[in-house]
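Below is one structure, written out as structure tokens; the observations come after it.
Source: prediction; values computed, not measured. Atoms within a ligand are numbered from 1 in the order they appear, just like the ligands themselves.
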Amino acid sequence: MKVVALAGGTGSAKLLRGLQGLSVRLTAVVNVGDNAWMYGVYVCPDVDVATYALAGIASRATGWGIEGDSFEALDELAKLGEETWFRLGDRDLAVCLLRTQMLREGATLTEATDRIRRGLGVKSRVLPATDSGVETWIATSKGEMHLQEFWVKEKGEPRVKGVSYRGARTADATPQVRSAILSADRVVVCPANPVTSIGPMLALRGFAGLLSETSARVVAVSPMVGRAPISGPAGKFMRAMGMVPDSSAVARLYSKFLDCMLISEQDRAMKSSIESLGLRCVTSDTMMAGPADEARLAAEALEI
Ligand code: GDP
């Protein structure tokens, strides 16, 4: 079975691990909206989280970076008087150095990502959603800033006024992403921030159309329980955009292309409103506290 998983950061990494453990041909299509230039290198947080998760080296404690990584390079930069609010471990930095070198030599982000995942021994494919630079910017009470600056430097504290995906209107999904989605047997929208992880992909030219066009069943696993995300700032962004941050709202955002939504059994009261959108809704335990949950939920997402 060919499975395409649309992925953001932490929640997606858990489901990707679960999917990879099943006997499927997995392709992760990953958000690039949080990519940024930092310390002279090109960081791709979601692409790297996905790759590290699939390589079995992701840090479970932080949700980003490599397990047990050291921070000597960053500590040295701090001693030199540089701002080091964006934490980047030494092994993580090595990955960014290789990617930056390849990009400077003319490689695409897709090629650099493929070189890195092979180097880390990952069998599943990892595809950035686009090779064009798309960045998520947040309009806040302290001015407009890159998502990383809002979430990491400002700790997500400023009031959010709006979210924009810079460059998305003129950016296309890569040919590799197009063909993976169109030839898939299943597309799984991983639990991810609907605004800053899945949103930047849906904003690409023609991307949502691919999801409607594919003959694959498109299934989403909700990142919400009750009226809040399991982690991260998704609730703050959704509220700023006039939505109640719950599984019903996520279902409405994805309803044009979704066939089925997997939500928490605690939200079974939302089942009928979600089904009134014309899609199936199945309830389950959607919390992934460890490898057993990851495997179980991944299997459920493919079975429904
Ligand atoms: P973030 O909002 O910046 O953290 O962006 P991500 O795309 O990394 O979002 C992580 C999403 O995954 C959040 O909306 C969480 O609610 C969700 N999430 C994290 N852990 C779990 C989990 O165990 N199960 C489910 N269903 N969702 C999760």
- Protein residues near ligand 1, heavy-atom distance below 4.0 Å? Gly8, Gly9, Thr10, Gly11, Lys14, Pro191, Ala192, Asn193, Ser197, Ser222, Pro223, Pro229, Ile230, Ser231, Gly232, Pro233, Thr286, Met287, Met288
- Query: Going by side-chain heavy atoms closer than 4.5 Å, which hydrophobic residues are tied to Met287, directly or by a chain of links?
  - Reply: Val225, Ile230
- Salt bridge or not for Lys79 and Asp75, using N-O below 4.0 Å? no
- Option from Glu157, Glu154, Glu149 for which side-chain hydrogen bond (donor to acceptor under 3.5 Å, both in side chains) with Lys142 holds: Glu154
- Residue pair Ile198, Tyr254: steps toward the side chain to side chain contact (heavy atoms under 4.5 Å, CB included) verdict: CA-CA 10 Å; Ile198 304 300; Tyr254 299 166; 3.3 Å; yes
- Item | Main-chain N/O of Val32 paired to Asp46 side chain as donor or acceptor, under 3.5 Å | no
- Item | salt bridge (charged side-chain N to carboxylate O under 4.0 Å, His left out) evaluation trace for Glu300 with Arg296 | CA-CA 6 Å; Glu300 285 175 13; Arg296 172 190 51 79; 3.5 Å; yes
